[in-house]
Amino acid sequence: MHLAAAPHREPRDPAVSLDNHLVRSVRAPAPFMKWAGGKARLIPQIEPYLPAGPLRYGEAFLGGGALFFHLAGEGRLESALLTDLSTDVYNTHRCVRDEPAELIAQLRTYESEYLAGDADERAAYFYWMRSRHPAETPMSDVERAARMLFLNRTCFNGLWRENSKGHFNAPHGRYAQPNIAQAERIAAASQALQQATLVQTDFRAWPQLVAEHGLDFVYLDPPYQPVSATSSFNAYSGGGFSARAQRELNDVLGELDALGVRWVLSNSDCAFTRELYQQWNIHTIYAARQVNSKADRRGDVAEVVVTNRRPGLRW
Ligand SMILES: C[S@@+](CC[C@H](N)C(=O)[O-])C[C@H]1O[C@@H](n2cnc3c(N)ncnc32)[C@H](O)[C@@H]1O
C-alpha cells in the first residue's frame with residue numbers, strides 16, 4: 001500500500017487502513033528494528049565522511065537501515081537501492097513499505113495477546129512465536145514480518161540473533177511494557193521507504209547493481225570482522241561472514257571505485273581490516289561498548305570508516 005495513494009483507494013477493512021494521524025505523521029523516519037551492529041548512534045561520527053547530496057544512494061548490508069532512514073529524513077536522497085542477504089530483513093522492509101496497515105494490525109493482535117498474559121504466559125507466548133520458523137510454518141509475508149518485529153521487541157537485549165541453521169534463537173526479554181506495534185515508527189519508515197527499491201541479494205552483486213540503477217554513492221556495513229582473531233589472513237569466520245568474504249568485499253570496493261562510484265564502508269578496527277583496506281582512506285571512530293552492566297564498561301571500541309575519496313571523484 002502506497003501512503004500517497006491511500007485517499008484514492010477504498011479501504012478493504014477499517015482494521016487494515018492506516019489511522020489518519022499515522023498517515024499525517026511528521027515523525028522523522030528511524031529504524032524500526034534494533035539491530036546488532038546498527039549504526040544509529042554512530043551517524044554523527046560517520047556523517048563527516050559522506051559526500052554532499054542529493055545522492056543516488058545504495059546500501060549493501062541493510063540490517064536496520066540506520067543510515068538510509070537518517071538520509072531520507074533529511075531529504076538528501078534522489079533515489080535508493082537497499083539490499084541484504086537475509087530473507088527476513090528484506091521481507092520486513094518490504095511489508096513496512098507496501099503493507100504498513102496490515103502489518104500494524106497484525107502487530108497489534110500479537111501485542112494484545114502477549115500483554116494480556118502474566119510473566120509465565122508471556123514467556124510461553126514468546127517461545128511459541130519463536131518456534132514457528134517461517135521455513136517450516138506456512139505464513140503470509142505480513143505474518144512473517146510481524147513475527148520478526150514481535151521477537152525483536154520482546155527478546156533479551158532486543159537483538160535479532162540466528163543460529164547456524166538460520167533460526168532466531170535469542171531468549172525472552174521480560175520487558176514490562178514493550179511497544180510491540182510501534183505504529184508511528186512504522187508509518188514514518190513506510191513513508192521514507194516509498195522512494196526505495198528493495199532487493200534480497202548478496203553483496204557480490206553490487207558492481208552490476210550500481211550500473212543497472214545508476215547509483216553514485218554506496219554505503220557498506222558488513223558483519224564485523226572479529227577483533228580478537230589473529231592478524232594473519234587465515235580463514236576464520238565471524239557471524240557467518242568469513243575473512244574470505246571480507247576480502248571478496250574488498251574486491252567489490254575496487255570494482256565500484258573503477259566504475260567511479262563513491263563509497264563509504266564501516267568495520268571493526270583491527271590489524272586485519274587495517275591491512276585489508278590499506279589502499280583506501282581509513283578513519284577511526286569510537287562506539288560505546290555494548291554491555292549489560294555499567295560496572296562492566298571498559299571504555300569505547302574503535303571502528304574504522306573507510307572511503308574511496310580521491311582527486312577526480314566529486315565528494
Ligand atoms: C552490521 S549489519 C548492518 C547494520 C546496518 N547498517 C544498521 O545500521 O542497522 C550487517 C548485515 O549484513 C547482512 N549480510 C550478511 N552477509 C551478507 C552477504 N553475504 N551479502 C549481503 N548482506 C549480508 C546481514 O543480514 C546484516 O543485516
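Atoms within a ligand are numbered from 1 in the order they appear, just like the ligands themselves.
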* Structure fact -> Taking every heavy atom of G63 against every heavy atom of H93, the minimum-distance pair comes out as O-CE1, 3.1 Å

* Element-labelled atoms of ligand 1 that are located less than 4.0 Å from some non-hydrogen atom of G38 -> 7 (C), 8 (O), 9 (O)

* Over 60° means perpendicular and under 30° means parallel, so classify the ring planes of F61 and F241, tilted if in between. => perpendicular

* **Nitrogen or oxygen of G37 less than 3.5 angstrom from that of ligand 1** => no

* To do: Assess P31 for proximity to ligand 1: is some non-hydrogen atom of it under 4.0 Å away?
  => no

* Examine D221 against ligand 1 and note whether any of their N/O atoms are separated by less than 3.5 Å. => yes

* Which atoms of ligand 1 sit under 4.0 Å from any heavy atom of G65? -> 7 (C), 9 (O)

* When you look for heavy atoms under 4.0 Å from ligand 1, do you find them on the side chain of Y224, its backbone, both, or neither? -> neither

* Consider ligand 1: state whether an atom of it lies below 4.0 angstrom from any non-hydrogen atom of T201. => yes

* Structure fact -> ligand 1 to P222, heavy atom cutoff 4.0 Å, flagged ligand atoms 1 (C)

* May I ask you to list the atoms of ligand 1 that are less than 4.0 angstrom from any heavy atom of K39? => 7 (C), 8 (O)

* Which segment of L62 sits under 4.0 Å of ligand 1 when only heavy atoms are counted -> backbone

* Return a yes/no value for D84: is any of its N or O atoms, backbone included, closer than 3.5 angstrom to an N or O of ligand 1? => yes

* **Numbered atoms of ligand 1 (with element) below 4.0 Å of S86, judged on heavy atoms** => 25 (O)

* Should Y175 and F126 be counted in the same cluster of Ile, Leu, Val, Met, Phe, Trp and Tyr side chains packed under 4.5 Å apart? -> no

* Structure fact -> Closest non-hydrogen contact found for A30 with A189 is O-CB, 4.2 Å

* Are E143 and R147 close enough for a salt bridge, meaning some N to O gap below 4.0 Å? -> no

* Structure fact -> All heavy atoms of V96 vs all of I186, minimum pair found to be CG1-O, 3.8 Å

* Numbering as shown, the atoms of ligand 1 that approach G64 to under 4.0 Å (heavy-atom distance) -> 7 (C), 9 (O)

* Excluding sequence neighbours, so at least two apart, what forms side-chain contact (heavy atoms from CB on, under 4.5 Å) with Y277? -> Q246, N250, L253, L265, N267, T273, W280, I282, V306

* Distance-minimising heavy-atom pair for Q106 and A146 -> CG-CB, 3.4 Å

* To do: Give the numbers and elements of all ligand 1 atoms closer than 4.0 Å to a heavy atom of G63.
  => 9 (O), 27 (O)

* Can you list the steps and then say if T201 with L209 is a side-chain contact (heavy atoms from CB on, under 4.5 Å)? -> CA-CA 10 Å; T201 192; L209 288 174; 3.9 Å; yes

* Report the part of F61 in contact with ligand 1, treating N, CA, C, O as backbone and CB onward as side chain, heavy atoms under 4.0 Å; options are side chain, backbone, both, neither. => both

* Are Y125 and F150 close enough that their ring centers fall under 6.0 Å? -> yes

